[in-house]
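Each remark here refers to the structure printed beneath this line.
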Amino acid sequence: MKKYPLIPLGELGEIVTGSTPDSTNKEYWNGDIAWITPADLTNHEGIYFTGKLRKITEAGYKSCSTKLMPAGSIVYSTRAPIGHCAITSFPLCTNQGFKSIVPNKRLDAVYGFFALKFFTPQLEALGRGATFAEVNKETFESFEIPLPPLEEQKRIASLLARADRLRGLRRAAREQCDSLLQSVFLEMFGHVRVNDKKWELAKFENVCESRLGKMLDDKKQTGKHKRQYLRNFNVQWFRFDLSDIAEMDFDEKDRKEFRLQYGDILMCEGGEVGRCAIWKGEIKECYFQKALHRVRPNPELVKSEYLVYLFWWLAQTGGLGDFTSQVTIAHLTGEKLKELIIPVPPLALQEEFARVVARVEALRARMDE
């Protein structure tokens, strides 16, 4: 493995800290100078920022200690949060949430972008502050990154940029597949919240078995029966995020009660209420905690594929609102879930939808490869 010299960021370009004009002075705003905040990068994907920004006037620019940076500069948020990063596609200035780099001839901007993204965990650890963590200018300037020769930087950057584009294409393809299935569901089953197709109605407990998972009790953890289990975090719409799997004790009785089976639906009890996915044995032996409902449909009445998209539609249209208990955070309790009234279309129609889901998921798997 090649070892490159570690060089402080301050030696690779000018480090620029931004500022904010007085927000109450109308003469400072709606001008011609682009001005960016970390919030503008919240949903940003890719390397270059090309979106729309607020703009300040020449008077606003002169009133504060920000600097207009050229296209090709690297903006990096060092507070609230640490780690939003992009390369500018046009001249702009920033608020005080950034430490930006105007690269000199030693640094390729795209290589610098990927280096900062890679080392964000280390930069986060250097953040200090009572209200929110921030990496100050001195710390940022002295932070070291490995620096290959310029041509090698460009080669590495080109490879990483290609991989980033492929990830973006895969993400877009997944979103299109999800959108297709949501459209097919709506066409086949109608607006299920109002049941405009007049399907038969049933109480949830009459078509599914459901229960909450095991409560985590640190005092009772011995380490003798550790097993992997899923949390609210792991359950996303229609899929599981298995990048971080926790463990806790499940004794023999617990293992019989809380072990997941192929085809189980796991549903979030709190947070984004109703968010769910179908378990397909992604981990050989796995359990679940109390923040999740495990739903086992009666296969003679309902299909898992129909149920997860039913809950997706109810969650999007507010159809779960009447069934959540809200003290500080909304929760769909086990009792409320069992009482939920849902439309139950003919099983043959649900099976047709399940076949569509299987075909789309097979296509998505091929695209992922």
Is there a side-chain contact (heavy atoms from CB on, under 4.5 Å) between Ile245 and Leu230 once you walk through the steps?
CA-CA 7 Å; Ile245 303 296; Leu230 300 183; 3.9 Å; yes
Hey, are the side chains of Ser210 and Ile265 touching, using non-hydrogen atoms and a 4.5 Å cut-off?
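Contact flag for Ser210/Ile265 side chains = no.
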Side-chain donor or acceptor of Gln153 paired with backbone N/O of Arg106 under 3.5 Å
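A pair under 3.5 Å: yes.
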Check whether Thr57 reaches the backbone of Gly60 with its side chain - one donor and one acceptor, N or O, closer than 3.5 Å.
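Confirmed, Thr57 side chain pairs with Gly60 backbone.
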Which distance, rounded to the nearest 0.5 Å, do you find between the NZ of Lys338 and the OG1 of Thr333?
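Between Lys338 NZ and Thr333 OG1, I get 10.0 Å after rounding to 0.5 Å.
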Test item: side-chain donor near acceptor, [X] and [Y], under 3.5 Å:
{"X": "Thr20", "Y": "Gln96", "result": "yes"}
{"X": "Gln289", "Y": "Tyr287", "result": "no"}
{"X": "Lys99", "Y": "Thr78", "result": "yes"}

Please name the residue in the list Trp199, Trp313, Phe185 that meets the ring-ring contact (aromatic ring centres under 6.0 Å, His included) test with His191.
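Per the ring-ring contact (aromatic ring centres under 6.0 Å, His included) rule, the option paired with His191 is Trp313, out of Trp199, Trp313, Phe185.
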Name of the residue among Phe204, Trp237, Tyr306 meeting ring-ring contact (aromatic ring centres under 6.0 Å, His included) with Phe311:
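Among Phe204, Trp237, Tyr306, the one that satisfies the ring-ring contact (aromatic ring centres under 6.0 Å, His included) with Phe311 is Phe204.
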Any chance CG of Asp32 has more than 12 other-residue heavy atoms, nucleotides or ligands included, within less than 6.0 Å?
no
Taking everything shown except Lys137 itself, do over 12 heavy atoms lie less than 6.0 Å from its NZ?
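Result for NZ/Lys137: enclosed.
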Short N-O contact, Arg231 and Asp244, less than 4.0 angstrom
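Salt bridge between Arg231 and Asp244, a charged N being under 4.0 Å from a carboxylate O: yes.
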Aromatic plane relationship, Phe238 with Tyr309 - under 30° parallel, 30 to 60° tilted, over 60° perpendicular:
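Ring orientation, 0 to 90° scale: parallel.
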Can you name the residues that form a salt bridge (charged side-chain N to carboxylate O under 4.0 Å, His left out) with Arg155, not counting sequence neighbours?
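Arg155 satisfies salt bridge (charged side-chain N to carboxylate O under 4.0 Å, His left out) with Glu152 once adjacent residues are dropped.
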Distance flag, aromatic centroids of Phe113 and Tyr76, threshold under 6.0 Å
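Centroid distance Tyr76-Phe113: not below 6.0 Å, so no.
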Evaluate Lys280 against Glu361 for side-chain contact (heavy atoms from CB on, under 4.5 Å), listing each step before the verdict.
CA-CA 13 Å; Lys280 296 183 178 178; Glu361 287 185 345; 2.9 Å; yes
Run through Arg275, Gln236, His293, His331 and flag the one making a side chain to side chain contact (heavy atoms under 4.5 Å, CB included) with Cys268.
Arg275
Kindly indicate, with the supporting measurements, whether the criterion side-chain contact (heavy atoms from CB on, under 4.5 Å) is fulfilled by Ser73 and Ile87.
CA-CA 6 Å; Ser73 300; Ile87 297 176; over 6 Å; no
Pair Leu292, Asn234 - check side-chain contact (heavy atoms from CB on, under 4.5 Å), show working.
CA-CA 10 Å; Leu292 296 172; Asn234 299 114; over 6 Å; no
